[in-house]
Undergrad: 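Here it is, the structure in full.
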Amino acid sequence: MTPLSGFPEFLPADRIAEQLVLDVIRRTFELHGFASIETRAVEPVSRLLGSGEDADKEIYGIHRLAARSEERGSDDALGLHFDLTVPFARYVLENAGKLAFPFRRYQIQKVWRGERPQEGRYREFTQADIDVVDAGELAPHFEAELPLVIAEVFRQLPVGDFRIQVNNRRIPEGFYLGIGVTDVVATLRIVDKLDKIGPQRTADLLVGSGLSQGQAEQVLALAAIRSEDLSFVEQVRALGVEHPTLDSGLDALAAVIRAGLDLAPGTLVADLRIARGLDYYTGTVYETQLVGHEGYGSVCSGGRYDTLASDGRTTYPGVGISIGVSRLLGLVVSRWGVTASRSTPTCVLVALADEAHRPAAMRTAAALRSRGIPVEVAPAAARFGKQIRYADRRGIPYVWFSGTDGAADEVKDIRSGEQVPADAGAWLPPEEDLHPSLVVPEPLGT
RNA sequence: GUGGGUGUAGCUCAGCUGGUAGAGCAUCUGGUUGUGGUCCAGAGGGCCGCGGGUUCAAGUCCCGUCACUCACCCCA
């Protein structure tokens, strides 16, 4: 019995931690007026294909085990979705007549990718997406709004400092065209490796792909530009390249950064080397890293897509961003040791002197629950020491002892050992003990 | 998909040049029969990943296979 690699499962305490994180995400998304939807786990394979050659290879097909082999590879075969954006685009087309535009939705679901698993990379994982789509035209200010929502989520989570890196694909595209480089996609792919292999080898690859030495230098000069304010615009201008696509990209990115400076200073960074692999992004792209853990990969990314959803008459451009919840938890929970304060929602364990008192104990439990306190009754009338240990093992903070012979009930805080008389019809725990909370170990994330 | 590493108790691991399995932690029980955490004593728990080969004899050597893991690719 060994775990399946890439299909993570948590123990109860860590699952509670995950739920607490999801609560923050959901609450914040809703605070910004995003409505929840859920889409089916499967899409026709033909709809999933075409987002990028590497992505295509990672799609899990689905078929009945008893199906004949010729049914398995057909065009309308089903596959598990590998992100939430493609299914959402389909959902918008299918329900366009019933949706009100611009449509803001959030979606928190599992997705599947047939990758080789590693720390922070799974084959089944949870994404939390927000997207805005409109019919015909999508106002550019949404591209500035989405990362601000994400920044608000991250500020509430024990993730340390983070940076949302933003770029606009029109900038490298216009720049490359302006210096006579026509294979924009291939050049972007090479530039994307800059972090890993360094400028020298990147330049070699660029020259190897047909660029002149001068063009390679220009491309690298652009990729090196990074600023937390609007100064990136001047830095690009200083390179002396002119192209209308470049101009529109610079304007769009400046608008996003300007909004960040105003509402979330220090979190949005213009970084002109960010490219993203998925082919459907057409403008703004985002990528998020935790400061000090850049090598762990992006924990939240997305971008603008103008042509993903189209019924031939109307196109529905959108912009979206997706939190890699599982990847985030892989770092925060699995590596840093952040977990929940207890492994069960139970706040109070009602102790049991003997089985004859179980009905009375159940009435006590019901009285406490009626005021929203999570309660369970001891599983057996064992020695009180064992019942206390039952609570201690699970992190349950309180044990309730029913008074006998008319004596008052008593409740014991097993962390302090303090035991006081209490009335099941009135007692309340401190607010912070009512539900499990996130516990962050002392030296966070080193 | 490519390359490296590792598979022994629930977990972390030991097991020398082959001689039919051990420790710590965890779990359970008792000491303490209505108040836990410490301490002491005891107990349960292993087709040594799987298949084949060499050998009188394989956890140990050889081959294969599977799984896990790290890196690359790519990505949340």
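Residue numbers begin at 1 in each chain, while the letters A, B, ... track the order of the sequences.
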Undergrad: Using the ring of each side chain (for Trp, its six-membered ring), is Y305(A) parallel, tilted or perpendicular to Y280(A), with breaks at 30° and 60°?
TA: perpendicular
Undergrad: Give me the stems containing RNA chain B, sorted by first residue, counting only three or more consecutive Watson-Crick or G-U pairs with both distances under 3.5 Å; say none if there aren't any.
TA: B:1-7 with B:66-72, B:10-13 with B:22-25, B:27-31 with B:39-43, B:49-53 with B:61-65
Undergrad: Using the P atom as the reference point in each nucleotide, state the distance between rG22(B) and rG15(B) in Å, no decimals.
TA: 15 Å
Undergrad: To the nearest angstrom, how far is I274(A) atom CD1 from rC75(B) atom P?
TA: 12 Å
Undergrad: Provide the distance between the two C1' atoms, one in rC50(B) and one in rG7(B), to the nearest whole Å.
TA: 11 Å
Undergrad: Round to a whole Å and report the spacing from CD of E115(A) to P of rC72(B).
TA: 13 Å
Undergrad: Would you call R394(A) and D392(A) a salt bridge, using N to O less than 4.0 angstrom?
TA: no
Undergrad: Using heavy atoms to find the nearest nucleotide of RNA chain B for G324(A) and E119(A) separately, return the residue whose nucleotide is more 5′.
TA: E119(A)
Undergrad: For the pair E115(A) and R123(A), find out whether any cationic side-chain nitrogen is under 4.0 Å from an anionic carboxylate oxygen.
TA: no
Undergrad: Of all the nucleotides listed (rG36(B), rG34(B), rG1(B)), which has the minimum atom distance to the side chain of I414(A)?
TA: rG36(B)
Undergrad: Testing T85(A), T288(A), D129(A) for side-chain hydrogen bond (donor to acceptor under 3.5 Å, both in side chains) with S322(A), which one passes?
TA: D129(A)
Undergrad: Expressed in whole Å, how much space separates the C1' atoms belonging to rA14(B) and rU8(B)?
TA: 10 Å
Undergrad: Round to the nearest Å and state the distance from K412(A) atom NZ to rG37(B) atom P.
TA: 11 Å
Undergrad: For a quick check of understanding: with a heavy-atom distance under 4.0 Å over all strands, which category does Q387(A) fall into, base, sugar-phosphate or nothing?
TA: nothing
Undergrad: Need one value for L4(A): base, sugar-phosphate or nothing, where a base atom within 4.0 Å counts as base even if backbone is also close, heavy atoms only.
TA: sugar-phosphate
Undergrad: So R327(A), base contact, sugar-phosphate only, or nothing? Heavy-atom distance under 4.0 Å.
TA: base
Undergrad: Round to the nearest Å and state the distance from I388(A) atom CD1 to rU32(B) atom C1'.
TA: 13 Å
Undergrad: Taking side-chain contact (heavy atoms from CB on, under 4.5 Å) as the definition, give me every residue that meets it alongside E355(A), ordered by chain and number, with sequence neighbours left out.
TA: L352(A), R358(A), A381(A)
Undergrad: Atom pairs under 3.5 Å, N or O on each side, protein against nucleotides 27-29 of chain B: can you list them with distances?
TA:
unit_1  : atom_1 : unit_2  : atom_2 : d
rU27(B) : OP1    : R393(A) : NE     : 3.3
rU27(B) : OP1    : R393(A) : NH1    : 3.4
rU27(B) : OP1    : R393(A) : NH2    : 3.2
rC28(B) : OP2    : R393(A) : NH1    : 3.3
rU29(B) : OP1    : K386(A) : NZ     : 2.6

Undergrad: Considering every strand and a 4.0 Å limit on heavy-atom distances, what is the contact class for Y122(A): base, sugar-phosphate, or nothing?
TA: base
Undergrad: Quick one: are H32(A) and T28(A) in side-chain contact, heavy atoms under 4.5 Å?
TA: yes
Undergrad: Rounded to whole angstroms, how far apart are CD on Q118(A) and P on rG4(B)?
TA: 16 Å
Undergrad: Using the C1' atom as the point on both nucleotides, what is the distance between rA57(B) and rA23(B), in whole Å?
TA: 26 Å
Undergrad: With respect to the phosphate group of rA67(B), does any side-chain polar atom (N or O) of S5(A) fall under 4.0 Å of OP1 or OP2?
TA: no
Undergrad: Rounding to a whole Å, what distance do you find between L11(A):CG and rA26(B):P?
TA: 17 Å
Undergrad: Rounding to an integer number of Å, can you tell me how far E287(A) CD sits from rC75(B) C1'?
TA: 9 Å
Undergrad: Quick one: CG on L253(A) to CG on D271(A), what's the gap to the nearest 0.5 Å?
TA: 9.5 Å
